[in-house]
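Beneath this line is the structure, given in structure tokens, with notes to follow.
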Amino acid sequence: VQLQASGGGLVQPGGSLRLSCEVSGREVAINSVTWNREFPGEQRELVATIRSGGSPNYAESVKGRFTISTDSARNTVYLQMNSLKPEDTAVYYCVAEGRYRFGSDYRPFHSWGPGTQVTVSS
């Protein structure tokens with residue numbers, strides 16, 4: 001199972017970005033996807049989580065500004081980030097859990113995607 005994240009970049013304070021995390025693999029069933037971020041200095045924070053059939057959860061620091069959503073047909077999870085602040089500057093990672101087909105069976109997976117840099121600066 002592979003994850004591909006995209007959508008990072010440089011944006012001015014108050015701007016918006018949308019991150020995408022595409023999960024690919026053989027007959028993948030996703031249970032949850034989490035967006036984490038790593039700040040300069042390597043401190044990490046859980047940003048948002050969405051579980052199959054459940055409500056999303058957000059870090060207090062992003063509530064009301066970020067929205068996590070899914071496109072099941074594309075096995076893609078999005079993180080819409082609005083009203084961005086300089087303190088949102090970080091490398092963003094998506095992490096997915098679920099199961100995938102292996103022969104006649106299913107096996108669990110827990111996979112990290114490559115990080116995508118988000119820089120908020122004027």
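One-based numbering along the sequence shown.
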Give me the atom names and distance for the closest heavy-atom approach of Gly8 to Leu19. N-CD2, 3.5 Å

Taking Asp105 for its side chain and Phe102 for its backbone only, find out whether a donor-acceptor pair lies under 3.5 Å. no

State, to 0.1 Å, how close Ala5 and Pro114 come at their nearest heavy-atom pair, and which atoms those are. CB-O, 3.6 Å

Is it true that the side chains of Ser61 and Glu45 contain a donor and an acceptor less than 3.5 Å apart? yes

Has Arg26 got its NZ or CZ under 6.0 Å from the middle of the six-membered ring of Tyr100, at an angle within 45 degrees of the ring axis? no

Please confirm whether Arg65 makes a cation-pi placement over Tyr58, using NZ or CZ under 6.0 Å from the six-membered ring centre and within 45° of the ring normal. no

What I want to check is whether the side chains of Asn57 and Thr49 have a donor and an acceptor closer together than 3.5 Å. no

Under 3.5 Å, side chain of Thr119 to main-chain N/O of Leu10, donor-acceptor pair present? no

Can you name the closest pair of heavy atoms from Trp35 and Ser20 and give their distance? CH2-O, 3.7 Å

Give me the atom names and distance for the closest heavy-atom approach of Cys94 to Val33. CB-CG1, 4.5 Å

Is a donor from one side chain sitting under 3.5 angstrom from an acceptor on the other, for Glu87 and Thr89? no

Ignoring hydrogens and angles, state whether a donor on the side chain of Tyr92 or Arg37 is under 3.5 Å from an acceptor on the partner side chain. yes

Evaluate side-chain contact (heavy atoms from CB on, under 4.5 Å) for His110 paired with Val95, printing each intermediate quantity in order. CA-CA 7 Å; His110 178 96; Val95 184; 3.6 Å; yes

Between Gln80 and Asn82, is there a side-chain donor-acceptor contact under 3.5 Å, judged purely by atom types and distance? yes

